[in-house]
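See below for the structure under consideration.
By convention in this document, chain letters (A, B, ...) are assigned in the order of the sequence lines, proteins followed by strands, and residues within each chain are numbered from 1.
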Protein chains: 2
Amino acid sequence: MAHSHDMPTDLTRNQELVLGTLTASSGPLSAYDILDRLRTEGLRAPLQVYRALEKLVDRGLAHRLESLNAFVACADAHCHRKGLIAFAICEGCGKVDEFADAVIESRLGAWAHAEGFKVERTTMEIRGRCAQCLKAA
Amino acid sequence: MAHSHDMPTDLTRNQELVLGTLTASSGPLSAYDILDRLRTEGLRAPLQVYRALEKLVDRGLAHRLESLNAFVACADAHCHRKGLIAFAICEGCGKVDEFADAVIESRLGAWAHAEGFKVERTTMEIRGRCAQCLKAA
DNA sequence: AAATGATATGTTATGTTATTACGCTTGCGG
DNA sequence: CCGCAAGCGTAATAACATAACATATCATTT
Ligand SMILES: [Zn+2]
Ligand SMILES: [Zn+2]
Ligand SMILES: [Zn+2]
Ligand SMILES: [Zn+2]
């Protein structure tokens, strides 16, 4: 079974560094977190990171978590380039779980259709505690 | 029919000013937008606004839109103090529509139950174009 | 090879959003 | 009156994000 994080071969150096940092992290990172981890690689300015993140997010290789102002590597590259993705974010350990639900997507689509609203992008983020953290407590 | 925005009587002065500003606005406002509109009332510091917003959000009188870093008055005070609320945000005119969907809520609950994840808070925000803006274009 | 255009990069400065730290005030129950 | 909780005011700072401008890299066309 192939690893989900095989890195595409057509990334630029900065994109590759940023995606590598996200992939190596156990949880979401802010752009400035990423920058700090890449200073040894020569990155100096926030914009270098933000530009790489923009491309990665456009390509679905990374996601932005709006409620955290942070980013994660896509956990599941083969299936969600399109469509609605939900994130479950554990406040305890920072772990982020990524999932899709066709029923939710279709309910949203139905609402939008009824209202005449054209959906461009959907953010869905659940905050709480994961099973492991609940058990530990 | 009663107006949905009858203001509670037990707000502090700052809370009342902030909620009034949000209610008077046709779209979401950032904390700094609010501050600017309240300088004539004597407010000077971001914290005065953030503190008021925190209480208002806790009480369900206002909502934070994570994907915008901005706030709106609750459009529908009687029904969503609890439960999942979704927001549809028009990129054209800034209008925000607030709605609840029991099916979505139960799907999320089912996912969480299956994973052993304890949900504390959910953010759901749709970005796109409202019917009116689509027609105008 | 030279010119062009598209994409990526580097750098500085600045803008925007949010919080920390500290101290004063007000109202309220003991 | 005292002690405590909630609210308030102010200053400073932290955290997140973009604007503006210059340069570099690489493929395409002439
Ligand atoms: Zn993904
Ligand atoms: Zn956890
Ligand atoms: Zn509401
Ligand atoms: Zn609109």
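Residues from residues 10-22 of chain A that place a heavy atom under 4.0 Å from any atom of DNA chain D: there are none. Taken residue by residue, residues 35-49 of chain B places heavy atoms nearer than 4.0 Å to DNA chain D at Arg44(B), Ala45(B), Leu47(B), Gln48(B).
The phosphate of dG7(D) (OP1 or OP2) has a side-chain N or O of Lys55(B) nearer than 4.0 angstrom. Side-chain nitrogen and oxygen atoms of Tyr50(B) include at least one within less than 4.0 Å of the OP1 or OP2 phosphate oxygen of dA18(C). At the phosphate of dT17(C), neither OP1 nor OP2 sits under 4.0 Å from any side-chain N or O atom of Arg64(B).
There is a path of hydrophobic side-chain contacts, each under 4.5 Å, that joins Leu17(A) to Val57(A).
Axis deviation across the helix from dA1(C)-dT30(D) to dG30(C)-dC1(D) amounts to 20°, comparing end segments of five pairs, rounded to 10 degrees.
Rounded to whole angstrom, the span from the CD atom of Glu54(B) across to the C1' atom of dA18(C) amounts to 12 Å. Separating the CZ atom of Arg51(A) from the C1' atom of dT7(C) is a distance of 11 Å, rounded to the nearest angstrom.
Side-chain atoms of Asp58(A) never come within 3.5 Å of backbone atoms of Lys55(A) as a donor-acceptor pair (strictly under, hydrogens ignored). In this structure, the side chain of Ser106(A) engages the main chain of Val103(A) through a donor-acceptor pair within 3.5 Å.
Using a 4.0 Å cut-off between charged nitrogen and carboxylate oxygen, Arg59(B) and Asp10(B) count as a salt-bridge pair. Here Glu66(A) pairs with Arg121(A) in a salt bridge; the nearest charged N to carboxylate O distance falls below 4.0 Å.
The aromatic rings of Tyr32(B) and Tyr50(B) stand perpendicular to each other, their planes meeting at an angle above 60°, with 30° marking the opposite boundary.
Checked against a 6.0 Å centroid threshold, the rings of His63(B) and Phe71(B) do not count as neighbours.
Sparse packing is recorded around CD of Gln132(A), with 12 or fewer heavy atoms of other residues, nucleotides or ligands lying under 6.0 Å away.
Between the base of dA14(D) and the side chain of Tyr32(A) there is no donor-acceptor pair shorter than 3.5 Å.
There is no side-chain donor-acceptor pair under 3.5 Å between Glu125(A) and Thr123(B).
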